[in-house]
Every structure is written in C-alpha cells, then in structure tokens.
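Throughout, a chain's letter reflects where its sequence line sits, starting with A, and its residues are numbered from 1.
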Amino acid sequence: MATTITKRSEDYSQWYIDVVLQADLAEYSPVKGCMVIKPNGYGIWENIQRNLDRMFKETGHVNAYFPMFIPESFLKKEAEHVEGFAPECAMVTHAGGKQLEEPLAIRPTSETIIWSTYRNWIKTWRDLPILINQWANVCRWEMRTRLFLRTTEFLWQEGHTAHATWEDAEEEAMRMIRVYQRFAEEFLAMPVVVGRKTNREKFAGADHTYCIEAMMQDGKALQAGTSHHLGQNFAKAFDVKFQDRDMQLKYVYATSWGVSTRLIGGMIMTHSDDDGLVIPPRLAPLPVVFVPIYRKDDERELVLNRIASITDGWDPLFYKVDDRDQYRPGYKFAEWEVKGVPLRVEIGPRDVAQNTVVVVRRDTKEKTTCSCDTLLDTLKTMLSDMQQDLFNAARERMNARTYTVDSYDEYRERVEEGGFFRVFLDVDNPEVEAKLQEDTRSTVRCIPFDRPDEEGPCMITGKPCRGRVIASQSY
RNA sequence: CGGGGAGUAGCGCAGUCCGGUUAGCGCGCCUGCUUUGGGAGCAGGAGGCCGCGGGUUCGAAUCCCGCCUCCCCGACCA
C-alpha cells in the first residue's frame, strides 16, 4: 500500500477523497453517486447507530420499519413537500415485467407513507403521542455527489412523532435537536452551533426546522442534523385527526428528525489529518491495536506471549494484535495511522524485559512508555483524554474562525476563505437570502439559539434586525 | 444539466496526436532466501473484454458515433 494522501493545504476536496478511500471506508459503485460502505466505514456507522439508538430509546422512542416504496400520489398530497422532493425522486415505473398502474417513488424521506399509516393508528388523544424512529435507506437523485456527504442512496434514521398539541410537538422537536447536539459533541467530538433554519432553508413541508451546524477544517459549514416541527401540515394532507378530551376532532401535530451517514463525512473532515483518518475513540470500531516487534522466532513467541498475558480477560472487541508476519513494524504503523485507530501499542523484546509497552496516540503521535501491569486502565484513560482533546481542538478551531462582521463588502471579501460569520441579515425577506447566495455562494446556516440580544442594520438592506445569524459557505 | 479533466493488471501511470510484431513501467500479489523499534533487499513468477456498445479498416488501446462512471467548478440538496 503506497499511500499518498493529498495534503489538505493543496486540495482539500482531494484530501477528503484520499482519506475515505485509503482508510478503506468506502468505494465507488457502478451506479452514479452510490457507494459501497466497506467494513471499516460501516463499523463507524454501527457505532453511531448503537449510541444514538440508545439515546432515542432513553427519550421514549421505539423503532419500527416502513416500506421503501411510496405511491406517487402520496408525495403529491403536501404541496411544499412535493415541490421540494419531486425533482430528486427515483421512480419505479415497471415491475414484474409490466408497467405499474401508479409509479412508485423510492422514498426520499418517509413522512408521507408514515402519515398515511398514522391515520389508521390515531383515533383519540389517548393514542398520542406516537414516538417512532426508523433506521432506513433513502434515495435522493442529487446532481453532484460526494462520498458520505451526499450520495444518491444513503443510510439514516428518521424519527416521526405525532402529538396532541403544538406545544408537545415543539418540545419534542427541541428535545431531539438537543439529543443530536449532545451526540455530535460527546461522540463525534464535533462542536456544533444549534439553532433554527430560516424559512428559506427549512424542510419542505415543515413549519420550522431546527439544526446543528458543524464547521469543517476548511471553514465550510456542514448541516449535521435537523429536527422539524411539521405543524399540522401532514395531518391535514393525510387527514389525521383525533378526538380530544374536549370532544372536539383536531388535527395531529407532527415532528420529524434525522441524521445520516453524512455524519461520517463530518467526522472525517473535523478530525482527520494529512496522514489519514482520525476516529474519535468513542466511535472507533477498533480502539487499540498491538504491533509486536521481533527479529527471530523466539522473540516473536516471547512478544506474542506477553501480549496474550497482558490482554488476558480483555474485551476482544477492544483490541487487535497485528501479528501478520509479512509486514515489518514500520509498515504496520503507517497502515493503522491511515485507518485512524486511536491508540497503537508497540511492544518488542526491550519492552518485555522492562515490563513496559510504548503507546502512541493517533491524533498527537505522542509516544508514552507505560507499565504492562496497569495497561488497560492507562489505555482507557488515554482514550478518554483523546476524545476530550479532539473535541477541544475542534471547538477552538471553530471559535477561532467565527467572525463578527457588519459590512457586506467585508463579508463578500472574507466569506470565500471559510468560517462562520455572525451578521445582521433580514431573514424575514427571502430576497435578501437569495441575493446573498447569488453574490457569495454562501447561505444563512442558522439562527442560533444562543445569541446576544443585539440590534443592528441588515448588512444588505440596512433594515433594523434583532440578533445576528450565522452565514457561511457550506457542503 | 453547463464548463474543465480523466477511465489501460488490485493501485498509480506511460503508450493514443501520427492505426501495424507478443500492450509496457512502478507499487502491490505469489515462491524462496535474507530481513524486522517508522512504509525492507535480492532472485524467480502470476496477473489485461485497454470503461461499455456500435462503426471505419486487411488490421483499432490508438480514428469516428453513442453511452456509462469518477474528479474539479457552477445551479439542486442531508
């Protein structure tokens, strides 16, 4: 494996592709925009699933599964929704050797099929809330694709909840965006700005959309998760009513929320470096790899025996011993670095004699000599330190590249270089955002929850605005 | 979909302009020996629908037409 990863400073896009391919996370498929997620990449997704799924269940949700085929007519029932998704829908027109009477969409998202089903499930206020999540694949025929960040088919989870009141739905939408924030920060070690989307950027069919936005190492924003308050839009489109305590028939309020395999792309672009992938320990399919060092067979046996005695009783999924004979240690060091394994343990005859090992952290490359007797505790501490350090470093990068700007000229000049820009902008006027995008290829990423109560003139129109928004170029 | 670049062994590439023996090179792979604390050395060997389909020609990796895929820049998006 002659690894050549393009330097971030030379070509950030190419660097990203190089990391994905050389860390063996995924490869291209014969179909445009689709990818094979290989075991190294899927293992990360499994860890994302496992941890998020637990958080969903801890907040009262259960999993179910709805079909991937959606009658075309369903998609058309909600006006904004069909307008938003129709252009990117893959349609099945033939099956069983015949043309279908009604074309079937391969789900771009499942609101419609789910709400057509909820209609049968909901009769009284006692049926509410419904708190369901599904893990699924969806398909969106995007024009430009990018491994993990935007693929034609992608894996995600989508929560779909039904509530009796606007306030209950609001509480749910807010709860879930906070779950996403916590997951991003505690597991992906990826700091995010939490806020609300402008009307222009919200989900097609939503009343309003909450989001988490992360900053990649090139300063561009990545929308990492969204939580939508759907109001009564889908309940009205699918005629889903319940009889309330006051005997009145009322439309149900809804939320939906999702994150996707894009999170893996975000993780890569947040932490990885010119030597390859860096995986936050809490998501690493393999946290620790042992690289034995020896010359002759007797040394090999000595070292491998010592590793066996050190790791006696350890969780077998926690570590792996790279005892491949055909590669020398230097090769293995490089390979595990490209693949992003958080900690590497080097052990040779010298270490055996001294009852020590050398532990190397993937992110800092720092080498530490550690005693064999307490190695498991040492490794766990180092993993936990690394997790925290990755988050701190990413947060510092984000803070350092978050700017407050008042002049549109200055904004236009600086936005190309990346970063988040705290600006006054009249987001009640869609034309302002359209102009922003046309002029600068940047957009309003979110209206942050956490912003000082300031007043100032819109940098484009001069109209007085309350509070700044975050604008940036994005993926 | 518009503009630009590319597709030849598992990977990276040369050859294509100007058609002509058996399609080359590096890495990797297989065998053997020597090596092994940061990507080993030597020797021998295996591996090709030249992206796919059609056409021109005595003859096509090379020329012509159509299609597919990937990368970069735009418009669309998680």
Side-chain angles (χ1 to χ4, degrees), chain A residues 1-6 11-18 20-22 24 27-35 83-89 108-109 137-158 180 197 201-204 209 211-214 221-228 256-266 275-276 291-297 299-300 303 323-338 344-352 356-358 360 365 367 369 434 437-438 441 443 473-475:
Chain A
M1 177 162 44
T3 62
T4 46
I5 295 177
T6 305
D11 184 342
Y12 193 79
S13 293
Q14 190 59 49
W15 165 80
Y16 173 77
I17 293 162
D18 289 348
V20 171
L21 297 179
Q22 293 195 28
D24 214 22
E27 64 183 43
Y28 293 107
S29 87
V31 178
K32 182 186 175 75
C34 294
M35 66 175 176
E83 192 185 336
F85 283 104
E88 58 192 53
C89 262
T109 179
N137 59 340
V138 286
C139 184
R140 298 182 186 177
W141 219 262
E142 304 287 356
M143 289 166 185
R144 241 184 93 187
T145 55
R146 207 187 260 270
L147 293 165
F148 286 110
L149 294 177
R150 191 179 299 102
T151 45
T152 301
E153 178 193 10
F154 57 95
L155 305 181
W156 77 345
Q157 58 71 214
E158 45 182 330
Y180 288 154
K197 284 289 185 193
E201 299 284 333
K202 71 174 187 183
F203 176 75
T209 291
C211 63
I212 55 173
E213 295 281 328
L222 183 76
Q223 179 173 308
T226 48
S227 176
H228 316 292
S256 67
W257 27 273
V259 298
S260 71
T261 35
R262 166 179 274 194
L263 288 179
I264 296 174
D275 295 323
V291 177
I293 295 155
Y294 47 80
R295 287 188 193 81
K296 308 288 182 195
D297 280 351
E299 285 184 352
R300 181 175 193 275
V303 170
D323 58 0
R324 294 175 298 174
D325 253 340
Q326 69 269 37
Y327 300 117
R328 299 162 86 218
Y331 179 94
K332 296 177 181 177
F333 297 166
E335 178 175 330
W336 293 113
E337 277 170 8
V338 173
R344 178 175 77 240
V345 180
E346 306 175 4
I347 175 167
R350 289 206 304 265
D351 301 291
V352 173
T356 58
V357 296
V358 174
V360 188
K365 311 280 168 63
K367 296 194 175 193
T369 302
Q437 181 161 15
E438 191 173 326
R441 291 185 294 122
T443 49
Q473 293 194 343
S474 69
Y475 281 98

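Phosphate proximity of C29(B) to Tyr327(A): present, with a side-chain N or O under 4.0 Å from OP1 or OP2. Contact annotation: Arg144(A) side-chain N/O to C73(B) OP1/OP2 distance is under 4.0 Å. Taking 4.0 angstrom as the limit, Gln437(A) places a side-chain polar atom (N or O) nearer than this to OP1 or OP2 of C76(B). For U35(B), neither phosphate oxygen OP1 nor OP2 lies less than 4.0 angstrom from any side-chain nitrogen or oxygen of Arg328(A). Neither OP1 nor OP2 of U34(B) sits under 4.0 Å from any side-chain N or O of Arg295(A). Listed pair Lys367(A) / G37(B) fails the phosphate criterion, with no side-chain N or O lying under 4.0 Å from OP1 or OP2.
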Can you check nucleotides 42-49 of chain B for protein contacts, nitrogen or oxygen pairs under 3.5 Å, and list what you find?
none

Please write out the pairs of protein N or O atoms and N or O atoms of nucleotides 66-70 of chain B separated by less than 3.5 Å, giving the distance to one decimal.
residue: C70(B); atom: OP1; partner: Gly33(A); partner atom: N; Å: 2.4
residue: C70(B); atom: O3'; partner: Tyr28(A); partner atom: OH; Å: 3.2

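In this structure, Thr151(A) reaches the bases: a heavy-atom distance under 4.0 Å links it to at least one base atom across the strands shown. Across all strands, Val358(A) comes closer than 4.0 Å to base atoms (heavy-atom distances). Among the atoms of the strands shown, none is found under 4.0 Å from any heavy atom of Glu299(A). Leu149(A) comes within 4.0 angstrom of a base, heavy atoms only. Across all strands shown, Gln157(A) has no heavy atoms under 4.0 Å from either base or sugar-phosphate atoms. Lys296(A) comes within 4.0 angstrom of the backbone, heavy atoms only, and of no base.
Both Phe333(A) and Gly225(A) lie near RNA chain B, and the one whose nearest nucleotide falls closer to the 5' end is Phe333(A). Comparing Asp11(A) and Arg344(A) by the nucleotide of RNA chain B that holds the closest heavy atom to each, the one mapping nearer the 5' end is Arg344(A).
Aromatic ring pairs are classed by plane angle as parallel below 30°, tilted from 30° to 60° and perpendicular above 60°; the pair Trp257(A) and Tyr180(A) is perpendicular.
Taking the six-membered ring wherever Trp is involved, the centroid distance between the rings of Phe85(A) and Phe203(A) falls below 6.0 Å.
Classification of Glu213(A) and Lys197(A) as a salt-bridged pair holds, one side-chain N sitting under 4.0 Å from a carboxylate O.
Partners of Arg146(A) by salt bridge (charged side-chain N to carboxylate O under 4.0 Å, His left out), not counting sequence neighbours: none found.
When each of G37(B), G38(B), C76(B) is scored by its nearest atom to the side-chain atoms of Glu337(A), the top-ranked nucleotide is G38(B). Nearest nucleotide to the Ser13(A) side chain, out of C72(B), U36(B), C71(B): C72(B).
Cation-pi geometry between Arg344(A) and Phe333(A) is met: under 6.0 angstrom from the ring centre, within 45 degrees of the axis.
Closest non-hydrogen pair, Val303(A) versus Ile293(A), comes out as CG2-O, 3.5 Å.
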